[in-house]
Q: 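Take this structure first; my questions come after.
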Amino acid sequence: MIATESLSKRFPRVTALDRLSVDIGPGVTGLVGANGAGKSTLIKILLGLSPATEGSARVLGLDIATEGAAIREQVGYMPEHDCLPPDVSATEFVVHMARMSGLPPTAARERTADTLRHVGLYEERYRPIGGYSTGMKQRVKLAQALVHDPKLVFLDEPTNGLDPVGRDEMLGLIRRVHSDFGISVLVTSHLLGELERTCDHVVVIDGGKLLRSSSTTDFTQTTTTLAIEVTDSDAHPDGTAAVRDALSERGVETHHEGAGLPGAGHILLLTAAGEETYDLVRDVVADLGLGLVRMEQRRHHISEVFTTDTTDTAEGSGDEQRKEAVGHGG
Ligand SMILES: Nc1ncnc2c1ncn2[C@@H]1O[C@H](COP(=O)(O)OP(=O)(O)O)[C@@H](O)[C@H]1O
Ligand SMILES: [Mg+2]
């Protein structure tokens, strides 16, 4: 869908993109980075609206330097900032945008009605946009990006300004843009946690540089750590050690949570390869006649990309980290 090669954008005082090379395939991709990371700049360059200082990029196989108009025919764009005329209705505005994209009048009206319904705007669509809530405005912005049935859409911070319920609704809509219509999505956010559930793939940039690009499951699931805690018994006064040895005999190595710290050693951590690991732990504990106090997933989160040591961050990987902001907030 998108391929950039050593793409740079320098403004007089700041380098917004710094030799960024990244490939983005079909599906829903999150472009994540703190405020000022270069997300909006990248989108404008990919649309051919702003020239790159150096490097090159292709969108749907088209060259950003020479084929910007052709790119914009096939790509929808939801800009970050408010850009809606207050004195026209959503219907009038979206029909206008559809006509600008080349749809004939009848098709433009039909597509507008369908698209506004899809984003959840009904009777309100005949009222002037100036009286809309932030959530409704974001929906109009999304609708105009979709109305000409693009192959790909760029959504720049679509959840900005929304409350938690509005956020979840918008993320659900974005997911359906791909699942219902097969449109690929590049969606930006300065919040990591929210895109984890919505995207198939996440690209993280910082200071205009690529920090990481991988599938969401790679971010979160392949590093699943299992934490287990067992009781002691008369036969096994140190139940933890007994389980550790029994698992080791079966080729599963464990380590103690907080190894080296005072009071450490009660909870064992191991890397779960899959379902079999859960069954194995259960069987080993049962065979030893011990009680299983806990067996829980210590799921790693995308936010840990920003911590330097991701090998043993079990303490901080609870759900409370989920919504953590990447940067300096909204
Ligand atoms: N037109 C511009 N002129 C000068 N600097 C700009 C311009 N647009 C963006 N920048 C700078 O480029 C950097 C990246 O901005 P931007 O792409 O908007 O980041 P993001 O969308 O990730 O918040 C920021 O430091 C910003 O101040
Ligand atoms: Mg931005």
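Values reported hereafter were calculated over all heavy atoms of this structure, with side chains retained and with hydrogens, waters and symmetry mates removed. Atoms within a ligand are numbered from 1 in the order they appear, just like the ligands themselves.
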Q: Would Arg175 and Asp200 pass as an ion pair if we require N to O under 4.0 Å?
A: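 Salt bridge between Arg175 and Asp200, a charged N being under 4.0 Å from a carboxylate O: yes.
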
Q: Considering only the protein, which heavy-atom contact is closest to atom 19 (O) of ligand 1, and what is its distance?
A: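 Of every protein heavy atom, Gly38 N, 3.2 Å lies nearest to atom 19 (O) of ligand 1.
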
Q: To the nearest 0.5 Å, how far apart are NZ in Lys141 and CE in Met170?
A: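 Atom-to-atom, Lys141:NZ and Met170:CE are 8.5 Å apart.
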
Q: Does either side chain, that of Asp156 or that of Thr188, offer a donor lying less than 3.5 Å from an acceptor on the other one?
A: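 Indeed, the side chains of Asp156 and Thr188 share at least one donor-acceptor pair under 3.5 Å.
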
Q: So do the side chains of Arg58 and Glu67 get within less than 4.5 Å of each other, counting heavy atoms only?
A: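 A side-chain contact under 4.5 Å exists here.
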
Q: Answer yes when Lys39 and Glu80 have at least one side-chain N-carboxylate O distance shorter than 4.0 Å, and no when they do not.
A: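 The answer is no: the pair does not qualify as a salt bridge.
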
Q: Using a 4.0 Å cut-off to any heavy atom of Asn35, which atoms of ligand 1 qualify?
A: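 Every atom of ligand 1 under 4.0 Å from some heavy atom of Asn35: 23 (O).
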
Q: Run down the list Gly36, Gly33, Gly207 and name the one with the heavy atom closest to atom 13 (C) of ligand 1.
A: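 It is Gly36 whose heavy atom sits nearest to atom 13 (C) of ligand 1.
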
Q: Counting from 1, what ligand 1 atoms have a heavy atom of Ala16 closer than 4.0 Å?
A: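 That gives atoms 12 (O), 13 (C), 14 (C) of ligand 1.
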
Q: Closest heavy-atom contact between Thr4 and Leu20?
A: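 Answer, listing the atom of Thr4 first, then Leu20: OG1-O, 2.8 Å.
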
Q: Going by chain and residue number, what protein N/O/S atoms come nearer than 2.8 Å to the Mg ion (ligand 2)?
A: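 Near the Mg ion (ligand 2), below 2.8 Å, one finds Ser40 OG, Glu80 OE1.
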
Q: Identify the two heavy atoms, one from Tyr77 and one from Gln144, that lie closest to each other, and give their separation to 0.1 Å.
A: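 Closest approach of Tyr77 to Gln144, heavy atoms only: O-NE2, 2.9 Å.
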
Q: Is atom 2 (C) of ligand 1 in close reach of the protein, with a heavy atom under 4.0 Å away?
A: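 Flag for atom 2 (C) of ligand 1 set to true, protein heavy atom closer than 4.0 Å.
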
Q: I'd like to know if Arg282 and Asp279 make a salt bridge, using a cut-off of under 4.0 Å between side-chain N and carboxylate O.
A: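 Salt bridge: yes.
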
Q: Hey, does Val14 come in under 3.5 Å of ligand 1, counting only N/O atoms on both sides?
A: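 N/O-N/O distance below 3.5 Å does not exist for this pair.
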
Q: Regarding ligand 1, does Ser40 bring an N or O atom to under 3.5 Å of one of the ligand's N or O atoms?
A: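 Yes; at least one N/O pair falls below 3.5 Å.
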
Q: Output the list of atoms in ligand 1 that are nearer than 4.0 Å to some heavy atom of Thr41, sorted by atom number.
A: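 The atoms of ligand 1 under 4.0 Å from a heavy atom of Thr41 are 9 (C), 14 (C), 15 (O), 16 (P), 17 (O).
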
Q: Please check whether Lys39 reaches ligand 1 - meaning an N/O of the residue sits under 3.5 Å from an N/O of the ligand, judged on distance alone.
A: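 It does: an N or O of Lys39 is found under 3.5 Å from an N or O of ligand 1.
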
Q: Let me check something: do Leu49 and Leu186 share a hydrophobic cluster, defined by ILVMFWY side-chain heavy atoms less than 4.5 Å apart, either directly or through other members?
A: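 Yes; tracing contacts between hydrophobic side chains, which count when under 4.5 Å, links both residues.
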
Q: Under 4.0 Å between a Lys/Arg side-chain N and an Asp/Glu carboxylate O for Glu54 and Lys9?
A: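 Not counted as a salt bridge, because no side-chain N and carboxylate O are separated by less than 4.0 Å.
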
Q: For atom 9 (C) of ligand 1, what is the closest protein heavy atom, and at what distance to 0.1 Å?
A: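 The answer is Phe11 CE1, 3.5 Å.
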
Q: I want to check something: taking the side chain as every heavy atom from C-beta on, are Met136 and Ile129 in contact at a cut-off of under 4.5 Å?
A: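 Result no, sub-4.5 Å side-chain heavy-atom pair not found.
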
Q: Taking 4.0 angstrom as the limit and counting only heavy atoms of Ala34, give me the atoms of ligand 1 inside it, by number and element.
A: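 Counting atoms of ligand 1 from 1, those under 4.0 Å from Ala34 are 22 (O).
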
Q: Do any nitrogen or oxygen atoms of Leu42 lie less than 3.5 angstrom from nitrogen or oxygen atoms of ligand 1?
A: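 No, no N or O pair falls under 3.5 Å.
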
Q: Any non-hydrogen protein atom below 4.0 Å of atom 15 (O) of ligand 1?
A: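 Given the 4.0 Å cut-off, atom 15 (O) of ligand 1 counts as touching protein heavy atoms.
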
Q: Over all heavy atoms of both residues, which pair between Gly27 and Ser184 is shortest? Give the atoms and the distance, please.
A: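 In this case the closest contact between Gly27 and Ser184 is N-OG, 3.1 Å.
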
